[in-house]
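Everything on this sheet refers to the single structure shown next.
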Amino acid sequence: MRSTGIRRTLLALGVGALALTACGSDGDDAADGKTRITVNCMPPKSAKVDRQFFEEETAAFEKKNPDIDVVPHDAFPCQDPKTFDAKLAGGQMEDVFYTYFTDARHVVDIGQAADLTPYVEELKSYDTVQRQLRDIYTVDGKIYGIPRTGYSMGLIYNRELFEKAGLDPDAPPATWDEIRTAAKRIAALGDGVVGYADYSAQNQGGWHFTAELYSRGGDVVSADGKKATVDTPEGRAVLRTLHDMRWKDESMGSKQLLVINDAQQMMGSGKLGMYLAAPDNIPILVKEKGAEYKDIAIAPMPGGKATLVGGDGYMFSKKATPEQIRAGLKWLDHMFLTPGDGFLGDYARAKKQDAPVGLPEPRLFTGAADARDQQVKKANANVPVENYQAFLDGNQKLEMKIEPPHAQQLYSVLDGVVSAVLTKEDADVDQLLKDASGKIDGILSRS
């Protein structure tokens, strides 16, 4: 799923939506002998600030590289799942095109990705990117894409409600038992306050089940991707915790079949104690839902095992020439992979436009590059970074796990499992997982 569950915001700037169009390459060489590359995910005209930043950086890149002509394409959204495969198959993708992490192997499997392995050594910033993110675009030992941003799930919570419930907002819950205890105390405040909310519709319930299963050390499918692994002690623990919080503790409220917007509305209005989400939810809660930055904090996923990660990057058309690949890598380096600079990393520029600076993610780099990026971010921070320190510290100890193969199909199956537990007090957890396992096995066998 996208980290917001409904739409993708600019993770670093948080000020607008991204874009895509369905045009293919305009050709390798422009009339004046330049190498021409088409690229997508240019912000639309409606996102004025984002588009201005994008155009400024592209112009700066072309000035530094007068032998390269960049032709950006825009529309909304960056990638439309309904047309993505058709554009690939029809050869209509740009030379450098946007993908979610979960697209990487699929694009390679259908033979539509250029092999970047011979060229990536020319990308000076490549080795500074977190290996776990680079590995997402590495298939059978070959490199097919470059990460641009990443997110990981955590526990967003309301500091004010924690204080009212007698909980320490600087010591957020670290286990699912602690989540349950905190939720009961918050719900006991009354006046329509809900301790903990979870999704159970529009595939988002399956997405969160997966995140919660990861947090306990479980998985949705086997390592070889051939069998379901949800009917396990970890899977049963996820569902029984949700069932008991909903029906025994009454800490999840009576309204169920929620989606992300519901949780955001509840949190923004001060009626929700906790829910699982990525850091990019925070500016949405403030700018769109009525919350204040001082009241919203994020902690790592409870359980101490793993967290679900997602994000995006760029891949190259199999039709791209060596010259276009080299030019495209230079463009990515300038736009996205220069710490503290570029389209997403110019924090001083973002601050001037009143975009939130200081959110704990994306955290793309390692080593000296990460130190530089964090230094510039801290110098321009305009949000309470201390509210996110627990998340940053805790994530260092968690395994980062990408979504499962055929994620949306699997989430559809698991949606029914989660919704049953949250809407039926007598739901049979064992039977629900047994049935879901069979359905998932069927999906995997047809792939």
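Values in this document were obtained by computation on a predicted structure and should not be read as measured data.
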Which is it for Asn65 and Phe61 under the side-chain contact (heavy atoms from CB on, under 4.5 Å) test, yes or no, and what are the steps along the way? CA-CA 6 Å; Asn65 298 273; Phe61 171 78; 3.2 Å; yes
Let's go through Val39 and Trp331 carefully: what are the C-alpha distance in whole Å and the side-chain angles of both, what is the deciding distance for side-chain contact (heavy atoms from CB on, under 4.5 Å) to 0.1 Å, and is it a yes or a no? CA-CA 9 Å; Val39 302; Trp331 179 76; 3.8 Å; yes
Please determine whether side chain to side chain donor-acceptor pair (under 3.5 Å) holds for the pair Ser222 and Asp224, giving the CA-CA distance in whole Å, both sets of side-chain angles, and the decisive distance to 0.1 Å. CA-CA 5 Å; Ser222 57; Asp224 61 9; 2.5 Å; yes
Please lay out, stage by stage, how Met335 and Phe54 fare under the test side-chain contact (heavy atoms from CB on, under 4.5 Å). CA-CA 8 Å; Met335 295 290 283; Phe54 194 99; 3.7 Å; yes
Go through the steps for Tyr199 and Leu276 under the test side-chain contact (heavy atoms from CB on, under 4.5 Å), then give the verdict. CA-CA 9 Å; Tyr199 318 149; Leu276 299 181; over 6 Å; no
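Comment: Lys305 does not engage Glu234 in a salt bridge, judged by the lack of any side-chain N to carboxylate O separation of less than 4.0 angstrom. For the pair Arg216 and Glu212, the salt-bridge criterion is not met [side-chain N within less than 4.0 Å of a carboxylate O]. Looking at Lys34 and Glu62, no side-chain N of the basic residue comes within less than 4.0 Å of a carboxylate O on the acidic one, giving no salt bridge. Between Arg159 and Asp170 there is a salt bridge, since a side-chain N of the basic residue sits under 4.0 Å from a carboxylate O of the acidic one. Arg134 and Asp127 are joined by a salt bridge, as a carboxylate oxygen and a charged side-chain nitrogen come within less than 4.0 angstrom of each other.
A search for side-chain contact (heavy atoms from CB on, under 4.5 Å) contacts involving Ala327 returns Thr35, Ile37, Ile68, not counting sequence neighbours.
We find the OH-CG distance between Tyr214 and Asp219 to be 5.0 Å, quoted to the nearest 0.5 Å. In this structure, Leu116 CG and Met315 CE are separated by 7.5 Å, a value rounded to the nearest 0.5 Å. Atom-to-atom distance recorded for Met274:CE and Met252:CE is 10.0 Å, nearest 0.5 angstrom. To the nearest 0.5 Å, atom OG1 of residue Thr181 and atom CG of residue Leu167 are 9.0 Å apart. Note that CZ of Phe391 is 4.0 Å distant from CD of Glu361, once rounded to the nearest 0.5 Å.
The backbone N or O of Gly313 sits less than 3.5 Å from a side-chain atom of Tyr137, completing a donor-acceptor pair. Side-chain N or O atoms of Asp295 include none that pairs as donor or acceptor with a backbone N or O of Glu160 at under 3.5 Å. With hydrogens and angles ignored, the 3.5 Å screen pairs a side-chain donor or acceptor of Lys377 with a backbone N or O of Leu359. A donor-acceptor pair under 3.5 Å links the side-chain atoms of Thr229 to the main chain of Val220, judged by distance alone. Formation of a donor-acceptor pair under 3.5 Å by the Ser317 side chain with backbone atoms of Glu94 is not found in this model. Side chain of Asp415 to backbone of Gly206: a donor-acceptor contact under 3.5 angstrom is found. Looking only at distances, a side-chain donor or acceptor of Thr117 sits under 3.5 Å from a matching main-chain atom of Ile143. Between the Ser215 side chain and the Gly303 main chain, no donor and acceptor come within less than 3.5 Å of each other. Side chain of Asn382 to main chain of Ala355: a donor-acceptor pair is present (N/O by atom type, distance under 3.5 Å, no hydrogens or angles). Within the 3.5 Å criterion, the main-chain N or O of Val259 finds a donor-acceptor partner in the side chain of Asp262.
The side-chain tip of Arg148 does not point at the ring of Tyr98 from less than 6.0 angstrom away and within 45° of straight on. Figure legend: Arg372 and Phe365 shown without cation-pi pairing, the cationic atom not lying both under 6.0 angstrom from the six-membered ring centre and within 45 degrees of its axis.
Residues Gln79 and Asp103 bring a donor and an acceptor atom of their side chains to less than 3.5 Å of each other.
Residues Tyr151 and Asp280 form no side-chain contact, since every pair of their non-hydrogen atoms from C-beta on lies 4.5 Å or further apart. A 4.5 Å side-chain heavy-atom check between Arg51 and Met42 finds at least one atom pair inside the cut-off.
Shown here is Lys351, whose NZ atom has more than 12 heavy atoms of other residues, nucleotides or ligands within 6.0 Å. Other residues, nucleotides and ligands contribute over 12 non-hydrogen atoms within 6.0 Å of the NZ atom of Lys289.
Between Phe336 and Phe343, the angle of the ring planes goes over 60°, which puts this pair in the perpendicular group of the 30/60° scheme.
The two residues Pro279 and Pro283 make their nearest non-hydrogen contact at O-CD, 3.7 Å.
Applying the side-chain contact (heavy atoms from CB on, under 4.5 Å) test between Gln389 and each of Leu392, Val385, Asn387 identifies Leu392 as the sole match. A side chain to side chain donor-acceptor pair (under 3.5 Å) with Tyr411 is found for one member of Glu403, Gln204, Gln202 and no other, namely Glu403.
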